[in-house]
Amino acid sequence: MSKRNRHYLLLILVLGGALAFTKILYDYAEQTLRHEVLLAHQQQTQSKIQSLIKEQKSASMTLTLSFSENPLVQRLLVFQNDGRNAEKISRMVERINDQNGFKDLWVQLIDLKGRSIYRSWTDKTGDNLSLIRSEINDLLKMPRTHQVISVGKFTVSFKSIMPVMDDSQRLLGLLEVITHFTPLTQSLQRETGIESVLLTDKRFRSQLTKAITGEFIEDYYVTNEDVSPTLIDVIQEAGVSSLLKIDGYRTVGPYVLTRIPIENSRHEVLGQWLTFTSLSQINFSQTTWVLQKYLVISVGTILLLILVFTIYMSKSESEQKKLYYRQIIDSVSDIIYISNYKQIVDVNRHFFDFFSEFVSVKDFLQKHNCVCDLFEEEEGFLHRKMDGLYWLDYVMAHPEKRHKAKIIKAGEAHVFLVKVKRMRGIKEVLYNVLMQDITQIEAYEKELKILSVTDELTGAGNRLACNQALEREIIRSRRYQKKLSLVLFDLDHFKNINDSFGHDVGDQVLIAVTAEVKRLLRDTDVLCRFGGEEFLIVMPETAAQDAADSAERLRAAITSLTAVDVPVQVTVSFGVAELTRWDTEYTLLKRVDMALYQAKENGRNRVELAE
C-alpha cells in the first residue's frame with residue numbers, strides 16, 4: 001500500500017472515530033439539556049405549589065378574621081340555641097363557597113367548654129373537642145390565632161382558629177375555618193395545565209372513617225376530587241411506594257412526575273402532592289436551538305480536523321505543525337491561555353481581541369501578574385483568594401461548581417464562565433484556562449428575573465414582588481425595631497372609565513397613574529399592582545401619619561393629572577396602616593384594606609388611617 005493510500009486510510013479511520021465521538025457527545029448533551037429543562041420545570045412546579053399553599057393559608061386566615069368580627073358569630077356563641085343565627089351563618093358560608101372559589105369551606109364554633117355548638121357541614125354538634133384536640137384547651141386558656149394543616153375523619157385540610165371576643169374583649173369562644181386542597185389542585189391545572197393527585201399518608205387510613213372522595217390506592221387516600229382515571233391507572237401501574245422515592249422528577253410514559261411533601265407545622269409529612277405534566281407541554285425549543293448550535297460547532301470541528309490532518313500529511317516538520325496548531329487555537333472565539341501557576345506563558349489570538357490595549361504576553365505581564373488582578377471582587381464571582389485558596393486551586397478543587405468571573409473593561413462589565421484543566425503529557429506543570437464570555441446570557445437571565453416580578457402593563461411590581469417585599473420588610477422592621485407602613489389605593493369608579501372609553505384608555509389611565517406615583521415615591525418605597533385598579537405601597541421606616549401625609553400628596557397629584565394624561569379627572573381613595581407588634585402579614589393587609597374600604601364609604605377621593 002502506497003504512503004498516500006495509508007494516509008487516506010488513516011484519515012477515514014480518524015473521521016469515523018470523530019463522527020462516533022461526536023454522536024456520543026451529542027447524545028450526552030441532549031440528555032443533559034433535557035435534564036436541565038425538566039429540573040427547571042420541577043423547581044417552577046414546586047414554587048407554584050408552595051405559592052398556592054401560602055395563598056390558601058392567607059385567604060383562610062383572612063376569612064377567619066372576617067368571620068370572628070361578624071355579630072352573627074358573636075351572638076350564636078352567646079345564645080347557642082338561636083337557630084336563626086345558625087341559619088344565617090350557613091347561608092353566608094354558602095355564598096362564600098359560590099362567589100370566592102372555595103370548595104366546601106367549613107365553619108365551626110366552639111364554646112368556652114370546648115364543645116362544638118355549630119358546624120356548617122353537618123347538623124351534629126355538642127361533642128367536646130377539648131377531649132380529643134389538645135390545641136383547643138391551649139387556645140381557650142391562652143387565646144390567640146392558630147393555623148395548621150392536619151388530617152381529620154374527612155380529609156387533610158387547612159384549619160385556621162381565632163378567638164371571638166365581645167366589645168369588652170371578653171372571650172366568647174373559638175371560631176374555626178376549614179378549607180380543603182381540591183381548589184388548589186384545580187387552580188394548578190387551570191393556570192398551568194398540570195394535573196395532580198394528593199395522596200394522604202397511609203398511616204391515617206384508619207382515621208379517615210368518613211373520607212370525602214372514598215378513593216384509596218394501597219391505603220393512600222386520594223384527597224383531591226375529580227382525579228382522572230388515567231392518573232389513577234398510572235399510579236397503580238408504577239406503584240405508590242416507587243413514586244414516593246422520586247427525588248426531583250421522573251418521566252413515566254407521556255408524563256413528567258414530581259413529588260412535593262405536604263407537612264404540618266412540626267414538619268411531619270402528612271401526604272404527598274404528585275404532579276403529572278404532559279411532555280408535550282414542556283418547552284424544549286431552547287434545547288433544540290443549543291443542539292443545533294452544537295451540531296454546527298461539531299461539523300466545524302470535524303472540518304478543522306480534516307484541515308489539521310491535511311496539514312499533518314503535507315507538513316511533517318514540528319515547527320510547521322506548531323504553526324497550524326496555533327491557527328486552530330486562534331480560531332476559537334473564547335479566551336484561552338496557558339499558565340504555569342505563577343504567570344501566563346501563552347495565549348490565543350482572542351485574548352488580545354479582548355485585552356486590546358496589549359500586543360504581547362510580555363506587554364500584559366508588565367502591568368498584571370495574573371488575569372485574576374482584573375477580577376471584580378463581588379459575591380458569586382471568582383477573585384484571587386477563594387476560601388483561603390489561590391483561585392486556580394479553588395477551581396480545580398471544585399469541578400462540580402459553575403465558576404464565573406467579572407471583568408470591567410471600558411466601563412462595561414463582562415462576565416466569563418471559567419474552566420481550568422491541568423495539561424497532561426508535559427513535564428512542566430501547566431494549566432489550560434478557558435474563559436467563555438456569557439455576558440449576554442447573564443443579562444438575559446437577569447432580565448427574566450426582573451420580568452417575573454414586574455407587572456406587564458404598568459411596570460410596577462406584581463403580586464409576587466408585593467409578597468416578597470412585604471415579607472422582607474416585616475422581618476427587617478421587627479429585627480431593627482423600625483416603623484413600617486402600608487398604603488393601599490384604588491382608582492374611584494374605574495369601571496366607568498372602561499365602560500365609557502374602552503379598556504385601552506383604561507390601561508393608559510393605569511399607566512399614567514403609576515408613572516405619577518413612581519415620580520413622587522422614595523427609592524426605598526416599593527410600588528406594586530395588587531390587582532386590577534388596586535395598588536399597594538410598602539413604605540419602610542415610615543410611621544402611619546407620615547405615610548398618610550405622603551398618600552395625601554399622591555392623591556392631590558393624581559387628581560391634578562391633565563387631559564393629556566387621562567381623558568377625565570381621576571380620583572383615588574387611600575387606606576393607610578402601620579405595622580403593630582401584634583400584626584402578621586395577613587392582619588396588616590386586612591387592616592389596610594379595611595381603611596381603604598372606609599375611605600370608599602366616606603365619599604372616596606380621600607385618605608383614611610386604619611385603627
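Below, each value reflects all heavy atoms present in this structure, side chains not excepted, and no hydrogens, waters or symmetry copies.
Scanning all heavy atoms of the two residues, the minimum distance from M594 to E69 falls at CE-OE1, 4.2 Å. Minimum interatomic distance between L270 and I149 (heavy atoms only, all atoms of both residues): CD1-O, 3.2 Å. Contact between V538 and P540 at its shortest, heavy atoms only, is O-CD, 3.3 Å. Across all non-hydrogen atoms, the minimal contact from E534 to D490 is CB-OD2, 3.8 Å. L382 and Y394 get closest at one heavy-atom pair: CD2-CD2, 4.1 Å. Heavy atoms only, all atoms of each residue included: L175 and T64 are closest at CD2-O, 3.3 Å.
In this structure a side-chain-to-backbone donor-acceptor pair under 3.5 Å is missing from D455 to A460. Put simply, the side chain of R591 gets close to the backbone of E611: a donor and an acceptor are under 3.5 Å apart. T559 places a side-chain N or O within 3.5 Å of a backbone atom of R555 that can act as its donor or acceptor partner. A distance-only check finds no donor-acceptor pair linking the side chain of H398 to the backbone of H403 [under 3.5 Å]. Without hydrogens or angle criteria, D111 side chain to I117 main chain gives no donor-acceptor distance under 3.5 Å. Judged purely by atom type and a 3.5 angstrom limit, R259 uses its side chain to pair as donor or acceptor with the backbone of I246. Within the 3.5 Å criterion, the main-chain N or O of H180 finds a donor-acceptor partner in the side chain of Q56. K518 contributes a side-chain N or O that, together with a main-chain N or O of G459, makes up a donor-acceptor pair within less than 3.5 Å. Judged purely by atom type and a 3.5 angstrom limit, T155 has no side-chain atom pairing as donor or acceptor with the backbone of S157. In this structure, the side chain of R529 engages the main chain of G532 through a donor-acceptor pair within 3.5 Å.
Taken from CD in Q46 to OG in S51, the straight-line distance is 13.5 Å, to the nearest 0.5 Å. Remark: L139 CG to L171 CG distance equals 10.0 Å, nearest 0.5 Å. The OG1 atom of T258 sits 9.0 Å away from atom CZ of F276, with the distance rounded to the nearest 0.5 Å. In this structure, the separation between CZ on F67 and OG on S160 is 12.0 Å, given to the nearest 0.5 Å. Interatomic distance, T45 OG1 to Q43 CD, rounded to the nearest 0.5 Å: 10.0 Å. To the nearest 0.5 Å, atom SG of residue C466 and atom CG of residue L486 are 8.0 Å apart.
No side-chain heavy atom of F530 sits under 4.5 Å from any side-chain heavy atom of D593. Two residues are said to be in side-chain contact when any heavy atoms from C-beta on lie closer than 4.5 Å; T145 and Y586 fail this criterion. Side-chain contact between S187 and E55 is absent, with no heavy atoms from C-beta onward closer than 4.5 Å. No side-chain heavy atom of T185 sits under 4.5 Å from any side-chain heavy atom of Q189. Contact check for E516 versus V570: no side-chain heavy atoms found under the 4.5 Å cut-off. Between L589 and L470 there is a side-chain heavy-atom pair separated by less than 4.5 Å. At a threshold of 4.5 Å between non-hydrogen side-chain atoms, the residues K483 and T542 do not count as touching. The side-chain heavy atoms of T277 and Y249, taken from C-beta on, include no pair separated by under 4.5 Å.
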Determine, step by step, whether R91 and R95 satisfy the side chain to side chain contact (heavy atoms under 4.5 Å, CB included) criterion, reporting the C-alpha distance in whole Å, the side-chain angles of both residues, the deciding distance to 0.1 Å, and the verdict. CA-CA 6 Å; R91 286 201 298 269; R95 284 198 303 274; 4.2 Å; yes
For a side chain to side chain contact (heavy atoms under 4.5 Å, CB included) check, start with the C-alpha distance between F158 and Q147, then their side-chain angles and the critical distance, and finish with the verdict. CA-CA 7 Å; F158 300 90; Q147 191 171 54; 5.7 Å; no
Step-by-step side-chain hydrogen bond (donor to acceptor under 3.5 Å, both in side chains) determination, T223 to T200: CA-CA 6 Å; T223 306; T200 303; 2.6 Å; yes
Please determine whether side chain to side chain contact (heavy atoms under 4.5 Å, CB included) holds for the pair I537 and F489, giving the CA-CA distance in whole Å, both sets of side-chain angles, and the decisive distance to 0.1 Å. CA-CA 8 Å; I537 306 172; F489 67 90; 3.8 Å; yes
Derivation and outcome, side chain to side chain contact (heavy atoms under 4.5 Å, CB included), residues L596 and E608: CA-CA 7 Å; L596 174 58; E608 289 288 348; over 6 Å; no
Would you sort out whether W582 and T587 count as a side-chain hydrogen bond (donor to acceptor under 3.5 Å, both in side chains), showing the intermediate values? CA-CA 9 Å; W582 301 280; T587 57; over 6 Å; no
Show, in sequence, the C-alpha distance, side-chain angles and deciding distance for D565 and T562, and conclude whether the side-chain hydrogen bond (donor to acceptor under 3.5 Å, both in side chains) test is met. CA-CA 6 Å; D565 301 304; T562 66; 3.3 Å; yes
Given the rule in the side-chain hydrogen bond (donor to acceptor under 3.5 Å, both in side chains) test, do Q108 and S116 qualify, once you have shown the distances and angles that lead to the verdict? CA-CA 7 Å; Q108 177 168 231; S116 174; 2.9 Å; yes
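Other residues, nucleotides and ligands contribute more than 12 heavy atoms inside 6.0 Å of the CD atom of E400. Within 6.0 Å of CZ in R479 there are 12 or fewer heavy atoms belonging to other residues, nucleotides or ligands. By the 6.0 Å contact criterion, CZ on F381 is enclosed, its count of non-hydrogen atoms from other residues, nucleotides or ligands being greater than 12. Under a cut-off of 6.0 angstrom, the local environment of NZ in K600 is crowded, with over 12 non-hydrogen atoms contributed by other residues, nucleotides or ligands. The number of heavy-atom neighbours closer than 6.0 Å to CD of E456, taken from other residues, nucleotides and ligands shown, is 12 or below.
We find that K54 and E471 are joined by a salt bridge, their nearest charged nitrogen and carboxylate oxygen being less than 4.0 Å apart. For the pair E473 and R476, the salt-bridge criterion is met [side-chain N within less than 4.0 Å of a carboxylate O]. The existence of a salt bridge linking E176 and R133 is confirmed by a sub-4.0 Å separation between a basic side-chain nitrogen and an acidic carboxylate oxygen.
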Show the atom names and distances, to 0.1 Å, of all donor-acceptor pairs under 3.5 Å that link a side chain in residues 497-510 to residues at least two apart or in another chain.
from, atom 1, to, atom 2, distance (Å)
D499, OD2, K495, NZ, 2.8
S500, OG, N496, O, 2.8

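Between W391 and F375, the two ring planes are perpendicular [angle over 60°; tilted spans 30° to 60°].
For the pair R606 and F574, the cation does not sit on the ring face, since its NZ or CZ is not both under 6.0 Å from the ring centre and inside 45° of the axis.
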